[in-house]
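Here the structure is laid out as structure tokens; the discussion comes afterwards.
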Number of protein chains: 4
Amino acid sequence: MARPRSEDKRNALLAAAVQVFAEDGISAPTARIAKVAGVAEGTLFTYFSTKDELLNQLYMEIKRELREAMLSTYPRAADIKQRASHVWREYVDWGLVNVDKRKVVAQLAVSDRITDDTRAVASAGFAEFQSMLQESMAKGVLREHPPAYVGAILVAIAEATMDFMLKEPAAADQYRAAGFEAFWRAVASA
Amino acid sequence: MARPRSEDKRNALLAAAVQVFAEDGISAPTARIAKVAGVAEGTLFTYFSTKDELLNQLYMEIKRELREAMLSTYPRAADIKQRASHVWREYVDWGLVNVDKRKVVAQLAVSDRITDDTRAVASAGFAEFQSMLQESMAKGVLREHPPAYVGAILVAIAEATMDFMLKEPAAADQYRAAGFEAFWRAVASA
Amino acid sequence: MARPRSEDKRNALLAAAVQVFAEDGISAPTARIAKVAGVAEGTLFTYFSTKDELLNQLYMEIKRELREAMLSTYPRAADIKQRASHVWREYVDWGLVNVDKRKVVAQLAVSDRITDDTRAVASAGFAEFQSMLQESMAKGVLREHPPAYVGAILVAIAEATMDFMLKEPAAADQYRAAGFEAFWRAVASA
Amino acid sequence: MARPRSEDKRNALLAAAVQVFAEDGISAPTARIAKVAGVAEGTLFTYFSTKDELLNQLYMEIKRELREAMLSTYPRAADIKQRASHVWREYVDWGLVNVDKRKVVAQLAVSDRITDDTRAVASAGFAEFQSMLQESMAKGVLREHPPAYVGAILVAIAEATMDFMLKEPAAADQYRAAGFEAFWRAVASA
DNA sequence: AATGAATGAGAATTCATTCAT
DNA sequence: AATGAATGAATTCTCATTCAT
């Protein structure tokens, strides 16, 4: 395992990977990524020992960034619906701004090149949100189901919602609001 | 006349593609598919001119089959919630039985090798279900949103639900029921 | 060796071969030829056992046709320069009319798929012209050289001449005349 | 800096291409060329992006070499016939020594894989010789024709002559001398 | 550590030829 | 005999990874 000297170069490679994978799918050649990052083909391999390593790191990195975004302004003291609404909004807005990253994660998520370990690490970061959601479900239909399931439903509805927001930007605000209402009724209603 | 092109062989190739792609991802080599289908490497190309063509045909075929499954016992006369429930159940159960096909569609859906045309044809088959769903939304939070959005939410929640049903088979029935309730509250509640 | 039933089909295949090879070179697939000829892919092989066989037959056929053209109106009784001039003109004009055949022969001639046997048979047909040429050389610089050499020079100059006639059609007549004069001086002058 | 691209390797590949193409025609596989050149199959493609590129480069290279040979000892000050004779001799002798290259150029010249650009570049190198030839024609039958035509006739007669020199090596000297005389009478006689 | 040339195992086609109909 | 699907060896080119500089 190499001890990369420059954090900048690593970031440049990850950013280039996002761009290239978004354009051409995760089967795009590493050489293209290196070129976009402005480094030599071989250099990529001192930062990521294999392409699969790059794929896995990239997956974790993007998930981490998403969590960061959701966390940055998280109103820990607010009431439950407000907190849920905050998470919803941060998630959806992050997805709209980071179209490429979202596209790439979608491909990585269904790829068998992402290991179970990576998936575990990536989802661990969202535990806090899930336990929050659990609270909200106390009286809902899903009260007996694991928090991860509610989290999955939030993500599922949010992803569907983003697709429509992107397709009809003029109605984006309505979609965002209606999507959250739908989610909230789904999981929290008495 | 020479040997006629065989529908059986075409089906064998599609079935082999499902198996191989489920195992190794859609980047698996065509040679493997031909071998599993029991035909020569070149034969695949008399049925599908390119690998992309195979991918697109496969996508449409699986979607068609799913629709077939949802349609076969569709209770046109039943009340709305029953019809929605029927669709839900057929969809979810099809996904549980056809694990490989579901896995492959998931990859195809995010791949840019599937053309817009193919996507259009594939989703056209579900128009009927969507208009049915629209009825159910008449009084819900989504009443002003397009039926396709409600369809997307159904699919989204169903997919999340299937994942948990497969992870915890013992609780499968509860998940299926709770998932539908969640969906119904999300879209139909007053 | 097959006993083809229809001479027509054989000719159609040879004509199609000329067209296809002229367009795409002699590496063009046999399937294309069959299609242009209006027969099935496999049928080609009842008329020509292999592609090489087709190539060789085609070479001989075209050479035969060229000889035919040169022979049809050959003025056996005329004086030597007139006979040589006749040969020249027939050759050059045949080449201008049969652009495709000329192009194909050019490729076949340098291909190692044409056997020595085929070459021998093809050139045998031109013996008469060569012995005629020999007469014309009696007093020329080439008087001690084999008639085949003079024949080769005629062909060489004629081919160069045709290229320019095709490039500058307006000057075609001058080229044809000047070319022959050049040839005649080359071989026949005292 | 990494290993620099090696001119030696490029030359080895071109030399190997000559050998392999002379043996088996220009349809010989690139893998054979790489092997003969002593490099990996993929390496060929770092020097020539496609097989067609190799073909075109090879064509230009051989033509350049031929011109070089004709130029190296070109007696600019000598009288016209001597200069023409020099060109003739250099050309013919180059062809006799470089049998393989001559064979390969013959195939390349009639192949449609050689682009018009390549042909233009390759023939540009011979402009000087052609303008020299033009002088020699001042009083000949071809005086009104373009110098390229005279050049083409020289080449045509020379090629025919080489064939006979190779077939009858014992008479090579006579052929070379007679061939030039024939050419000279063809184009320069009053 | 950085570079990019070198490597060689694939991968998707292609195509002459065979053979069931 | 005619048809065209079936065959599978062969071909060009790609690309992750290694390694000389």
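Computed from a prediction, not measured in an experiment: that's the story for all the values here. Numbered from 1 within each chain, the chains take letters A, B, ... in sequence-line order.
Taking atom CG of residue Leu44(B) and atom P of nucleotide dA5(F), one finds them 15 Å apart after rounding to whole Å. Atom CG of Leu55(B) is separated from atom P of dT13(E) by 11 Å (rounded to the nearest Å). Distance Lys35(A) NZ to dT14(F) P: 13 Å, rounded to the nearest Å. As rounded to whole Å, 16 Å separates atom P of dA1(F) from atom CG of Asp8(C). Atom-to-atom, CG of Leu13(B) to C1' of dT13(E) comes out at 15 Å; the value is rounded to the nearest Å. Between the NZ atom of Lys51(C) and the P atom of dT18(E) there is a distance of 15 Å, given to the nearest Å. Rounded to a whole Å, the CD1 atom of Ile33(A) is 17 Å from the C1' atom of dG4(E). For the pair Phe48(D) CZ and dT14(F) P, the interatomic distance rounds to 16 Å; values are reported in whole Å.
In this structure, Thr46(A) does not reach the dA1(E) phosphate: none of its side-chain N or O atoms is under 4.0 Å from OP1 or OP2.
Relative to the side chain of Glu41(C), the nucleotides dT3(E), dA5(F), dG8(F) differ in distance, and dA5(F) lies closest. Taking only side-chain atoms of Pro29(C), from C-beta outward, the nucleotide of dA20(F), dA16(E), dC15(F) with the closest atom is dA16(E). Distance from the side chain of Phe45(D) is smallest for dC13(F) among the nucleotides dA16(F), dT14(E), dC13(F). The side chain of Arg3(B) lies closest to dT21(E), out of dT17(F), dT7(E), dT21(E).
The CZ atom of Arg67(D) sits 11.5 Å away from atom OG of Ser123(D), with the distance rounded to the nearest 0.5 Å. From Ser27(D), atom OG reaches atom CD1 of Ile26(C) across 8.0 Å, with rounding to the nearest 0.5 Å. The line from OG1 of Thr43(B) to CD1 of Ile33(B) is 13.5 Å long, rounded to the nearest 0.5 Å. Distance CZ/Arg32(A) to CZ/Phe21(A): 10.0 Å, rounded to 0.5 Å.
Nucleic acid contact for Lys9(C): sugar-phosphate only, since backbone atoms but no base atoms lie under 4.0 Å from a heavy atom of the residue. Looking at heavy-atom distances under 4.0 Å, Ala34(D) makes no contact with the nucleic acid at all. Among the atoms of the strands shown, only primed sugar atoms or phosphate atoms (P, OP1, OP2) are found under 4.0 Å from some heavy atom of Tyr47(B).
For Gln107(B), the side chain to side chain donor-acceptor pair (under 3.5 Å) criterion is met by no residue, not counting sequence neighbours.
For the pair Thr30(C) and Ser27(B), both in contact range of DNA chain E, the more 5′-proximal nearest nucleotide belongs to Ser27(B). Nearer to the 5' terminus of DNA chain E, by closest-nucleotide assignment, is the contact made by Val39(D) (compared with the other of Val39(D) and Thr50(B)). If Thr43(B) and Arg113(D) are placed on DNA chain F by their nearest nucleotide, the residue sitting closer to the 5' end is Thr43(B).
For the 3.5 Å distance criterion, the side chains of Thr118(B) and Thr115(B) qualify, holding a donor opposite an acceptor.
Residues Arg102(B) and Val105(B) form no side-chain contact, since every pair of their non-hydrogen atoms from C-beta on lies 4.5 Å or further apart.
Leu13(A) pairs with exactly one of Thr30(A), Leu58(A), Val39(A), Asp8(A) by the side chain to side chain contact (heavy atoms under 4.5 Å, CB included) rule, that one being Val39(A).
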Open item on the list: What does the 5'-to-3' dot-bracket notation of DNA chain E look like when only Watson-Crick and G-U wobble pairs under 3.5 Å count, and pairs to other strands show as |?
Closed with: .||||||||||||||||||||
